Amino acid sequence: MYNRKAWKHVFKLDPAKSLTDEELDQVCQSGTDAIIVGGTDNITLEGVIDLLNHIRRYPIPCVLEVSTADAITPGFDFYGIPVVLNSQEKKWLLDAQHQAIKDYGQLINWSEILTEGYVILNPEAKAYQVTHCKLPDRADVIAYAQMAEQMFRLPILYLEYSGTYGDPELVREVKQILNNTQLVYGGGITTLAQAEQMAQFADTIVVGNSLYENFDEAIATVNVKKD
Ligand code: 1GP
C-alpha cells in the first residue's frame, strides 16, 4: 500500500476545471507523489469519473477529496474526508460526514479513508465561505494542531490557504508541535521557490490552481522533490 506520509509534493486537480489531455498526461508523468481530485464548486460525478479514468492510466496514487457525497465513486486509492476545524457550523465538522456514513456505511472500506483536519486560513477562499469559517489567529492554529494530533488523532492536518500564499512561519510553528499527524500545506504555490519554502516545514505541499494559470511553472514545482 502507498505510504502517504512520504508524499512530498501532490497536485490537486479540480473536476470543474479543464486541462488538455496532453497536460493531464504531463501531470501524471511529472514525478509528483500523488494526485488529489477535489474542489468546492460544481463538482459532478461525471467530472470526477473523467479525471479518474485519465489518471488511472498511470501508476500514481490517486485520492478523491470528498466535498459532496453525490460525486463519490469507487476506484480511488484513498478518500479524503475534510473536517473543517475552524468552521462555525457543526455541519462541516460532523453532520455532513455523519449523514454520508449513514447513507453509505456498508460500502466504505475504512482503510481507504483519510480524515483531514482542515484549518482554512484565506477568507477569500470559496471553501472558507461555504463552510462559514472564522479566521483563527496564531494561537488558535497551534491549538487546532494540538487538538488534531493529541485529542482526535487525525492522520492529517491541512493548512489551507487555497488561492493565496500563506505564512511560512506559521507552517514552521505548526510542524514543530506535530509528531504523528501529517502536515499538509496548500495554497498559492505558483513557483518552485515557493514550493521549496513551504516544503521545508510541511510534510506535503499541494499545488492546485496554478496548473490552470501557468501550467509550465506549476509543473516545475515538482522539482522540490530533488532538494
Ligand atoms: C487547494 O490547497 C489546495 O485545496 C491548493 O491551493 O489551488 O491555491 O494551489 P491552490
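Predicted model, so just to flag it, every value in this text is computed and none were measured. All ligand and atom numbering here is 1-based and tracks the order in the structure.
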Q: Write out the residue and atom name of the closest protein heavy atom to atom 9 (O) of ligand 1, then the distance separating them to 0.1 Å.
A: Gly208 N, 2.9 Å
Q: Among all protein heavy atoms, pick out the one at the shortest distance from atom 3 (C) of ligand 1; state its residue, atom name and that distance to 0.1 Å.
A: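 It is Tyr158 OH, 3.3 Å.
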Q. Any idea which heavy atoms bring Thr181 and Glu149 closest together, and the distance?
A.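 Heavy atoms of Thr181 and Glu149 come nearest at N-OE1, 2.9 Å.
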Q | Over all atoms of both residues, closest heavy-atom pair of Arg4 and Pro155 | A |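 For Arg4 versus Pro155, the nearest heavy atoms are NH2-CB, 3.5 Å.
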Q) Is Asp33 paired with Lys8 through a side-chain N to carboxylate O contact shorter than 4.0 Å? A) no
Q. Would you call Arg56-Asp77 a salt bridge at under 4.0 Å N-O?
A. yes
Q) Which is it for Ser210 and Glu217 under the side chain to side chain donor-acceptor pair (under 3.5 Å) test, yes or no, and what are the steps along the way? A) CA-CA 8 Å; Ser210 62; Glu217 207 162 15; over 6 Å; no
Return yes or no for this condition: an N or O of [X] is under 3.5 Å from an N or O of ligand 1.
| X | value |
| --- | --- |
| Ile189 | no |
| Gly188 | yes |
| Val206 | no |
| Tyr118 | no |

[X] neighbourhood, listing ligand 1 atoms whose heavy-atom distance to it stays under 4.0 Å:
| X | result |
| --- | --- |
| Ser162 | 1 (C), 6 (O), 8 (O) |
| Asn209 | 7 (O), 8 (O), 9 (O), 10 (P) |
| Glu160 | 1 (C), 2 (O), 3 (C), 4 (O) |

(Q) Check for me whether Tyr161 has a heavy atom closer than 4.0 Å to any atom of ligand 1. (A) no
Q) Ser210: heavy atom below 4.0 Å from ligand 1, yes or no? A) no
Q: Answer yes if the side chains of Gln29 and Asp25 hold a donor-acceptor pair under 3.5 Å, and no otherwise.
A: no
**Q.** Passing option when Ile35 is tested against Cys28, Pro61, Ser30 for side-chain contact (heavy atoms from CB on, under 4.5 Å)
**A.** Cys28
Q | Residue that, paired with Phe76, satisfies side-chain contact (heavy atoms from CB on, under 4.5 Å) out of Leu52, Val63, Ile36 | A | Leu52
